[in-house]
Structure formats: C-alpha cells, structure tokens
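First the proteins, then the strands, lettered A, B, ... as listed; each starts at 1.
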2 protein chains.
Amino acid sequence: MLGTPPAERPTMPAAARPATDSRPSETPAKRRAGRPASAVLDQAVITSAALRLIGKNGYDGLTMAALARSLNVAPSALYNHVASKQDVLVLVEDHLASLVDVSAFGAGPWDEAVRQWAWSYRDVFSKHTPLIPVIAVLPVTDAPQTLAMYETVSEGLREAGFPQERIIPSIVALESFIFGSAYDVTAPADIFNPGSMAASTPHFTAAVESLAAQGHERPADVAFNLGLEALIAGLAAQRP
Amino acid sequence: MLGTPPAERPTMPAAARPATDSRPSETPAKRRAGRPASAVLDQAVITSAALRLIGKNGYDGLTMAALARSLNVAPSALYNHVASKQDVLVLVEDHLASLVDVSAFGAGPWDEAVRQWAWSYRDVFSKHTPLIPVIAVLPVTDAPQTLAMYETVSEGLREAGFPQERIIPSIVALESFIFGSAYDVTAPADIFNPGSMAASTPHFTAAVESLAAQGHERPADVAFNLGLEALIAGLAAQRP
DNA sequence: ACCACTAAATGAATGCCATTCATTTATGAC
DNA sequence: GTCATAAATGAATGGCATTCATTTAGTGGT
C-alpha cells in the first residue's frame with residue numbers, strides 16, 4: 001500500500017475559507033508588512049509547510065518557530081491564520097484523511113472495500129502517530145475531509161445492508177483497531193524481547209520466539225491482518 | 001511528548017527494580033556500599049506522587065516542578081532517581097498494568113478470560129490515554145508488571161490450545177483495539193455531530209442519528225463490545 | 001483623489017517547561 | 001574521627017507556545 005509522502009502543493013486545505021487561488025508564488029526575500037494581494041500566509045500554505053517540516057524532521061521538528069522560519073515569516077504571523085499549534089495539527093490531520101483510500105466503496109464487495117480502506121488508513125497514520133490523540137477526540141465538524149471519508153464509508157456499509165444503528169459502532173470499532181495498530185507499526189523490532197526476565201516468563205518467551213522463528217518481514221502486519229480479518233468476519237455475522 | 005522513544009542519559013537506569021505496589025512504604029531495598037537511610041525519594045514514592053497528581057490535575061498538571069513540589073523537594077532532586085520525565089511516565093504505566101484484571105485466566109474458559117481482561121485493560125487506560133503512546137512503543141524489559149501481564153495472558157492462550165506462533169499476534173491485535181478504544185471513551189459526546197455539514201453527508205448523518213435514537217448510556221461501550229466480540233470470535237476460528 | 005478601515009505582518013516580552021551542573025549535606029563504614 | 005558517596009539544593013540554560021502593542025499597505029466608500 002502506498003505511503004504518505006509529504007504533500008506537494010496546494011491540496012485542498014481545510015476549514016472555513018476558500019482562500020483565493022493558492023498558487024504559491026515564491027516570495028524569496030524580505031517583505032514589509034502589507035495586505036491582501038501580497039499576503040504570504042493562508043491555511044493551505046501553512047499546512048503544506050507543516051507537512052514538509054514533519055517529513056524532514058519529524059514531529060519533534062514541528063515547532064511554531066521552525067514553521068515560521070520555513071515560511072520566512074515571524075512566528076507571531078502564524079497566529080493571524082491559526083488559533084494555536086493544535087490548529088496546525090488539525091489542518092495536517094485533515095489533509096492526511098484525504099489521502100486515505102476509500103475508492104473501493106461502491107466499486108466491489110463491502111468487505112473488500114473495508115479491507116482496502118483499513119490498510120490504507122493504517123499506513124497513512126502509522127507515519128503520523130502523534131496525530132492520533134488529536135483525531136481520536138476531534139469533532140468531525142473541524143475536519144471536513146475526515147468527515148467526507150466517514151460519509152463514503154457510511155454509504156458503503158449502508159449499501160451492504162448494515163442496519164443503520166450499527167454503522168457508527170462498526171466504523172468506530174474498526175477505527176479504534178486501526179489507530180492502535182498504527183502505533184504498533186512504529187514499535188522497535190525488539191520490543192518483546194524479555195531480556196534477562198526470560199526465565200520468569202516462559203510462556204511469553206516461547207510465544208515470542210515461536211513467532212520470530214517464522215521470520216516475517218513485518219510482524220506488525222501479521223497482527224493487523226489477523227485482527228482485521230476477525231473484525232470483518234464479525235461484522236459480516238451481524239448483518240441481517 | 002510522543003516523538004521519539006528513549007534518549008540515553010548518563011544518570012540512572014529505569015529498569016530492574018522490584019516493581020512496587022503503589023504504597024509509599026519506606027521499603028529500603030538493598031544498600032550496597034550505601035549511605036542514606038533517611039532518603040526522601042525513591043521510585044516508588046515518585047510513582048505514587050505522580051499518580052496522586054494525575055488524579056487531581058490530570059496529565060497537564062504532571063510537571064517535574066509540580067511533582068517535586070508535592071514531595072517537598074527541589075525539581076532537580078528527582079533526577080537522582082529517574083533519568084527523565086519519560087521515565088516517570090514509564091513507572092506510572094507499569095503500575096497501572098498491575099491493576100489490569102487477569103484473574104480469569106486459568107479460572108474459566110479462555111474467551112471469558114479475554115473478555116474480562118480486555119474490558120479491564122480498556123477501563124484502566126481510558127483514564128490515562130496520554131500513556132498510550134508510551135506503552136505502545138515501550139520495550140517490555142522496562143516494564144516488569146506489564147511483562148507479567150503478558151505472561152499470564154500468553155499462558156492462558158497456550159492452555160486454550162492456541163498455536164504458539166499465533167499467541168503474540170493475537171495479543172497485539174487485541175491490545176491495539178484496546179488502546180484505540182481507550183481514546184474513544186474520552187471523546188466528547190457530540191464528536192460525530194456534523195453540524196452545518198449534515199446536508200452534504202446524508203448517510204453519515206442518518207447513521208449518527210439512528211444510533212443516537214437508541215439512547216445508549218455510553219456509546220463507546222457499544223462499539224467496544226461489538227469489536228471485542230468480533231475479535232474473540234475471529235480468534236476462536238483460528239484455533240485448531 | 002483622498003481617507004478611514006482593517007488584514008497581515010513585526011519583534012519584543014511572558015511564563016512555563018525539562019534538564020544540567022557545581023555545590024552542599026548527611027550518612028554509614030572503617 | 002575521617003572519608004567516600006548517595007541525595008538534595010538552587011541557580012542557570014535553552015526551548016517552547018503564545019500575547020500584544022505597533023507598523024504597514026491595499027481597498028472600498030465618498
């Protein structure tokens with residue numbers, strides 16, 4: 001499944017404003033304070049700069065100062081366009097949601113669509129785990145692209161015959177599993193090595209070694225596949 | 001937080017302690033060439049103070065300064081017993097792991113044990129979601145109580161007839177679902193309210209309203225139950 | 001052609017944070 | 001007693017998000 005390279009240019013920002021045409025003319029040098037036509041910043045520009053920064057230096061490198069510097073602007077200038085750093089994270093999150101692949105809904109069997117969506121969703125956010133605490137608690141109103149994703153999935157499940165009142169719980173269950181699994185992808189390879197405590201944990205140690213002996217490239221994928229197939233089967237059983 | 005795992009530091013190792021309970025007892029442990037019988041701080045004392053602080057002011061209130069103040073000690077004193085704030089979080093996490101109920105393993109059918117464990121695990125960590133990014137990536141060596149939990153669960157699944165190499169992936173899948181679901185518990189009640197965008201998301205909106213009409217006390221429990229039962233059924237199907 | 005309005009930028013200042021380090025204190029072993 | 005050493009201090013450091021008074025320069029109204 002595809003990764004999530006840093007978004008190139010103006011990819012559909014997010015909330016609120018239509019924002020003129022965000023064709024980013026490279027304004028290289030200093031500029032004096034000014035107004036509209038020459039405005040340097042808007043939410044789309046901030047979002048793509050944040051993504052570039054994250055891609056290069058990770059989330060530790062995403063500071064308001066670094067973000068401003070990458071845009072040749074004073075840190076305080078950002079606050080004319082976003083209310084807080086949290087706001088920047090929301091913009092980034094919503095952009096990422098638009099990268100999740102929902103194309104299989106309506107184009108094939110529902111379970112295949114769920115599979116494709118879930119793998120894509122996990123892959124996108126496994127590179128952005130610091131956003132998970134943000135999304136998991138974010139009102140959908142603040143994230144239009146995320147909402148659009150839910151709409152597509154909801155429609156898909158509806159057409160597959162799911163009873164209305166089970167659609168949201170099904171999505172939430174899948175999403176919870178996906179978020180947890182995204183963390184799992186980033187865990188160090190030897191996270192389960194019991195080290196000096198192996199002797200006191202024989203069953204666990206045996207299980208770890210037995211899995212290791214299989215020599216899977218990405219153990220996280222084994223667990224994700226197992227859980228996802230179980231969930232899909234379970235959902236299938238709950239349809240009329 | 002959450003950016004990168006451990007940074008090595010010259011001061012003090014976090015691992016290899018007898019893994020206390022929360023009582024701030026003055027257990028002296030062992031003294032090597034030792035000196036201070038009147039020492040105020042140790043890891044057990046720090047852990048229980050941190051828990052008290054979190055209980056009162058939440059994770060935003062957990063700062064090294066506040067922690068030190070609650071112990072009538074200078075902030076720098078903490079660093080004689082802990083290498084970093086991250087270390088404090090690990091101590092807290094490991095204590096919480098000891099609160100998770102694994103008592104049903106070996107005392108009944110495996111699926112009932114998993115059910116009880118999973119609900120308990122989710123409930124404990126739903127009040128401590130800021131620790132999830134820590135646990136999800138933490139080597140088991142640094143968390144003896146957490147390791148003990150894994151040992152009990154591994155033994156339970158082994159006795160239930162699970163093939164060795166599927167035990168760890170099964171635990172990981174369950175745990176991923178549990179972590180994601182812990183976030184879900186803390187989400188605001190109206191997180192799915194599409195607000196002014198309802199018109200453009202008819203299927204999603206209908207699904208949300210249909211669920212709301214059921215009037216469940218805790219909607220998060222509906223999704224958790226649904227997902228957990230699906231996972232258990234899926235695991236059952238994979239046994240010989 | 002003027003002018004008032006206001007969005008968008010500046011840069012200095014604030015307060016909080018984790019962490020470091022040179023130093024002091026107090027203890028138990030000898 | 002003396003001494004080595006763990007444990008505590010308090011001052012300092014550098015980074016962080018955020019605020020605010022101020023400046024600048026287009027724009028719309030007249």
**Request:** Figure out the CG/C1' separation between B:L71 and D:dT9, and round it to whole Å.
**Result:** 15 Å

**Message:** What's A:T63 touching, base or sugar-phosphate or nothing? Going by heavy atoms closer than 4.0 Å.
**Reply:** sugar-phosphate

**Request:** Supply the atom-to-atom distance B:F177 CZ to A:L174 CG, rounded to the nearest 0.5 angstrom.
**Result:** 9.0 Å

**Prompt:** Whole Å only: how far is the CG atom of B:D60 from the P atom of D:dA17?
**Reply:** 15 Å

**Request:** Give a yes or no on whether a donor-acceptor pair under 3.5 Å exists between the nucleobase atoms of C:dA7, that is its base, and the side chain of A:N80.
**Result:** no

**Request:** Report the nucleotide, chosen from D:dT9, D:dA17, C:dT19, that has the shortest atom-to-atom distance to any side-chain atom of A:M64.
**Result:** D:dA17

**Request:** Mind calculating the distance between NZ (A:K85) and P (D:dC16) to the nearest angstrom?
**Result:** 8 Å

**Item:** Integer-rounded Å distance: D:dA17 C1' and A:L89 CG
**Value:** 12 Å

**Message:** I want to verify a distance call: between D:dT18, C:dA18, D:dT9, whose nearest atom is closest to the B:A77 side chain?
**Reply:** D:dT9

**Prompt:** Between C:dC17 atom P and B:L67 atom CG, what is the distance in whole Å?
**Reply:** 12 Å

**Message:** Testing the 3.5 Å rule here: is there a donor-acceptor pair between the side chains of B:Y183 and A:E175?
**Reply:** no

**Request:** Using the side chain to side chain contact (heavy atoms under 4.5 Å, CB included) rule, pick out the option among B:V92, B:L62, B:L91 that qualifies with B:L51.
**Result:** B:V92

**Message:** Looking only at side-chain N and O atoms, does A:S176 offer a donor or acceptor that is under 3.5 Å from a partner on B:D184?
**Reply:** no

**Message:** Looking only at the side chain of B:A74 (C-beta and beyond, no hydrogens), which of the listed nucleotides D:dA17, C:dT19, D:dG10 gets closest?
**Reply:** D:dG10

**Asked** Nearest-Å distance, CG (B:L62) to C1' (C:dA18)?
**Response** 12 Å

**Prompt:** For the pair made of OH in B:Y79 and P in D:dA6, what is the distance, rounded to whole Å?
**Reply:** 20 Å

**Asked** B:R69 CZ to C:dC16 C1': how many Å, rounded?
**Response** 11 Å

**Minimum-distance nucleotide to B:S76 side chain [options: D:dT9, C:dT19, D:dT18]** = D:dT9

**Request:** Could you tell me if the ring centre of A:H128 sits under 6.0 Å from that of A:Y59?
**Result:** yes

**Request:** Compare side-chain N and O positions of A:H81 against OP1 and OP2 of C:dA9 and report whether any pair is under 4.0 Å apart.
**Result:** yes

